[in-house]
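Inspection log for the structure reproduced underneath, given as structure tokens.
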Amino acid sequence: MTSQASKIPETIYDLTVKDAQGNDVDLSIYKGKVLLIINVASKCGLTDSNYAELNQLYKKYKDQGFEILAFPCNQFDEQEPGTNEEITEFVCTRFKSEFPIFGKIEVNGDNTAPVYKFLKAGKWGFFGDNIQWNFTKFLVDKDGKVTDRYYPTTPPLGLEHGIKELLGVA
């Protein structure tokens, strides 16, 4: 008999994460949506361009069943040192982002968040399953399965074709 905690998630919807305020968020609330899940950082050289393009994608497709889930992570050159409150304030004030910013997590190592264990198991990277840097991107289809993994240097607007395909829009 296996416990709930040891159950391997079949879809992203089987997971619960913490929002920036520390509240549990059951990812099943995103059932039927195409998700772009990304590990973010406020002090990275990729920050400005990624947030600008993420905002463009979100505004264009949010009403068509698209959602961006941003997970701050401080594992890469300590480029996300702030508290969850400071990170949310930064993102909402500087970039006017409207997509959800979750609580800070780890994406590699012994303390990898379950959501990133799931994502990495779905799509391996060129250098194995570890996340190499801030702004690694995962596309998840409407059934909660990982379809693609993109490297930090891939601009968010470069994912538009894949997003449109998963959404079923022209």
With sequence neighbours left out, the residues meeting side-chain hydrogen bond (donor to acceptor under 3.5 Å, both in side chains) with Asp26 are Ser28
Sorted by chain and number, sequence neighbours left out, salt bridge (charged side-chain N to carboxylate O under 4.0 Å, His left out) with Glu98 holds for Lys62
Hits for salt bridge (charged side-chain N to carboxylate O under 4.0 Å, His left out) against Lys60, two or more places apart or cross-chain, chain-then-number order -> Glu160
Contacts of Glu165 meeting side-chain contact (heavy atoms from CB on, under 4.5 Å) (sequence neighbours excluded), chain-then-number -> His161
Sorted by chain and number, sequence neighbours left out, ring-ring contact (aromatic ring centres under 6.0 Å, His included) with Tyr13 holds for none
query: Given the rule in the side-chain contact (heavy atoms from CB on, under 4.5 Å) test, do Leu36 and Tyr58 qualify, once you have shown the distances and angles that lead to the verdict?
result: CA-CA 10 Å; Leu36 176 58; Tyr58 191 66; over 6 Å; no
Closest non-hydrogen contact found for Val40 with Ala70 is CG1-CB, 3.9 Å
Has Asn55 got a side-chain atom pairing as donor or acceptor with Ala52's backbone, closer than 3.5 angstrom? no
_What I want to check is whether the side chains of Lys137 and Asn39 have a donor and an acceptor closer together than 3.5 Å._
no
- Message: Looking at Asn74 and Glu80, would you say the former's side chain and the latter's main chain have a donor-acceptor pair under 3.5 Å?
- Response: yes
The side chain to side chain contact (heavy atoms under 4.5 Å, CB included) partner of Asn130 among Asn108, Thr112, Val107 is Asn108
Treating Asp141 as the side-chain partner and Thr147 as the backbone partner, does any N or O pair qualify as donor plus acceptor under 3.5 Å? no
Determine whether a donor-acceptor pair (N or O, by modelled atom type, separation under 3.5 Å) exists between the side chain of Asp19 and the backbone of Ile101. no
Minimum side-chain heavy-atom gap Val146-Phe118 below 4.5 Å
yes
Under 3.5 Å: donor-acceptor pair, side chain of Glu53, backbone of Leu157: yes
Sorted by chain and number, sequence neighbours left out, ring-ring contact (aromatic ring centres under 6.0 Å, His included) with Phe76 holds for Trp133
Just do the side-chain contact (heavy atoms from CB on, under 4.5 Å) check on Thr136 and Arg149 with the steps written out, would you?
CA-CA 7 Å; Thr136 298; Arg149 176 178 177 163; 4.1 Å; yes
### Task
Dump the intermediate steps for side-chain contact (heavy atoms from CB on, under 4.5 Å) on Ile38 and Phe135, then the final yes or no.
CA-CA 6 Å; Ile38 183 167; Phe135 297 100; 3.6 Å; yes
Query raised in the report: Quick check: does any side chain N or O of Lys145 sit under 3.5 Å from a backbone N or O of Glu10, one acting as donor and the other as acceptor?
Result: yes
Practice task
Measure from the side-chain N and O atoms of Glu86 to the backbone N and O of Thr83, and report whether any donor-acceptor pair falls under 3.5 Å.
Solution key: yes
**OP:** Carefully, step by step, assess Gln132 and Tyr151 under the rule side-chain contact (heavy atoms from CB on, under 4.5 Å).
**Re:** CA-CA 8 Å; Gln132 279 75 46; Tyr151 291 96; 3.4 Å; yes
* Asked: Going by the angle between their ring planes, with limits at 30° and 60°, are Tyr51 and Phe99 parallel, tilted or perpendicular?
  -> parallel
